[in-house]
Amino acid sequence: MTIIALTLLVLLFISNKSPTTGKDVTQSSSAGSNYLIGVGRADCTGPAAEVPLMGYANPDQLAGGILSRLYSRAFIVAEPDDSKRVVFVSADIGMVSQRLRLEVMKKLKSKYGELYRQDNVILSGTHTHSGPAGYFQYTIFVISSKGLIRPSLNAVVNGIVESIDIAHQNMKRGRLFINKGLVENSQINRSPYSYLQNPASERSRYSSNTDKEMVLLKMVDVNGQELGLISWFAIHPVSMNNTNNLINSDNVGYASYLFEQEKNKGLLPGEGSFVAAFASSNLGDVSPNIKGPHCINTGESCDNPHSYCPVGGAKMCMAAGPGTDMFDSTKAIGKNLYLKAKDLYTLASQEVTGPLHSAHQWVNMSNVTVQLNATHSGKTCKPALGYSFAAGTIDGVGFFNFTQGK
Ligand SMILES: *[C@@H]1O[C@H](CO)[C@@H](O)[C@H](O)[C@H]1NC(C)=O
Ligand SMILES: *[C@@H]1O[C@H](CO)[C@@H](O)[C@H](O)[C@H]1NC(C)=O
Ligand SMILES: *[C@@H]1O[C@H](CO)[C@@H](O)[C@H](O)[C@H]1NC(C)=O
Ligand SMILES: *[C@@H]1O[C@H](CO)[C@@H](O)[C@H](O)[C@H]1NC(C)=O
Ligand SMILES: *[C@@H]1O[C@H](CO)[C@@H](O)[C@H](O)[C@H]1NC(C)=O
């Protein structure tokens, strides 16, 4: 049984009318400020030695020091009369486990009562593969992290809650602006042959086999003071490969670092009021390793349907790039993201003005009806690991000679 919780944030920014009441929304907000906005950032690094890293599912890839600290970045947006609020958190971690979410919600409830709830708190992980593991309750993750690691879990719970506390204390009248644009030369599809299995009618709707659009939300207060931003872009933070032992926030974390250092002038990383989150989106099969897959033993390309090398098979097929090593690649991709975000941020002029909504739903993923075609439907079953899981990807190979594209 797998139950998935979905929390959706909907900002209605085109229409000025509330869809439910038809009331003119702009009239009810004070001039020049459509929302109350708070931003906050707190450290969530966790144990820096001997614990497995979360992402490549390799119990022997252990933390052995810190390259960059990990942060939780929180944003709270409320209606001007504070009748509704929504919290969005992006943390430099692999992903948000159910265990982690439940512990965060429990702490929020004890501090704030019913203010922050299942339906208005959204927790998101950047998906860095270089943060401590051990904060999951599911067996498969408990195996690769060698158990539940309390110090890992506590660091992330406390970091997320602290970032929300800071944002909560900072709430002020402000405005939101949205902008979008394409990021080039930063990602490739890591399963391009599998992508071709999608119907031609669907593929023809898109100009490439990855989504290149960055969406950015800019936040300023009524006096024009810059508060922060959230950008969403589809990219795996796996510029650091599975030989890395240093805790770090990978390419998206480096983009946050560059943006925050620019706005929090003269301060150390992690200090200063400006908060820049580079949050995860539809990054499933999107790799930042844009030199593409090569056999690590012979150097030849393994960009073939099974990501297979003539000598050594799938285990030898790994992608890298664009830099000279993984550190250089992390910075190169991070810098691309930062530069695009800076453009979008600087030029953002479309104001978000509308009522705030959020919703939460539990979905029983063991019992969802799927329409196969006009006449036939099927039902999802109990969770199972598919063949493709064991095959891994060109960003981190799998096990036992399972291959992609089978
Ligand atoms: C995997 O396949 C490669 C290439 O055929 C072969 O050299 C290797 O021995 C295989 N490994 C295992 C564990 O079967
Ligand atoms: C990982 O990156 C390091 C440093 O850039 C490189 O030496 C190593 O070959 C890479 N390993 C794999 C498996 O790609
Ligand atoms: C599965 O979902 C259907 C509704 O789609 C419901 O009627 C049925 O009771 C559910 N079955 C189980 C075993 O939960
Ligand atoms: C979810 O659905 C499965 C199978 O349909 C059922 O066995 C299980 O009890 C359901 N779980 C909940 C929490 O409803
Ligand atoms: C619809 O799907 C079913 C089950 O996969 C299949 O047997 C049937 O031939 C399909 N019908 C059409 C018109 O494609």
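Order of appearance sets the numbers: ligands from 1, and atoms from 1 within every ligand.
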Asks: Is there at least one protein heavy-atom neighbour under 4.0 Å from atom 9 (O) of ligand 5?
Replies: no
Asks: For a quick check under 3.5 Å, do Asn58 and Asn242 share a side-chain donor-acceptor pair by atom type?
Replies: no
Asks: What is the closest protein heavy atom to atom 5 (O) of ligand 3, and at what distance does it sit?
Replies: Lys379 NZ, 3.9 Å
Asks: Which residue owns the protein heavy atom closest to atom 3 (C) of ligand 5, what's the atom, and how far is it?
Replies: His376 CG, 3.5 Å
Asks: Mind checking whether Thr369 has an N or O less than 3.5 Å away from an N or O of ligand 3?
Replies: no
Asks: Could you check atom 11 (N) of ligand 3 against the protein and tell me its nearest heavy-atom contact, residue, atom and distance included?
Replies: Asn367 ND2, 2.9 Å
Asks: Looking at Glu271 and Arg69, is any side-chain nitrogen of the basic one under 4.0 Å from a carboxylate oxygen of the acidic one?
Replies: no
Asks: Suppose I only count heavy atoms of Asn364 and a 4.0 Å limit; which atoms of ligand 4 are within that range?
Replies: 1 (C), 2 (O), 3 (C), 8 (C), 10 (C), 11 (N), 12 (C), 14 (O)
Asks: Answer yes or no: does atom NZ of Lys335 have more than 12 heavy-atom neighbours from other residues, nucleotides or ligands under 6.0 Å?
Replies: no
Asks: If you define the side chain from C-beta out and look only at heavy atoms, does anything of Arg101 sit under 4.5 Å from Gln118?
Replies: yes
Asks: With a 3.5 Å cut-off and no angle check, do the side chains of Asn120 and Ser358 form a donor-acceptor pair?
Replies: no
Asks: Could you check if a side-chain atom of Met214 sits within less than 4.5 angstrom of a side-chain atom of Asp343, using non-hydrogen atoms only?
Replies: no
Asks: What protein heavy atom sits nearest atom 12 (C) of ligand 5, and how far off is it?
Replies: Asn373 ND2, 3.3 Å
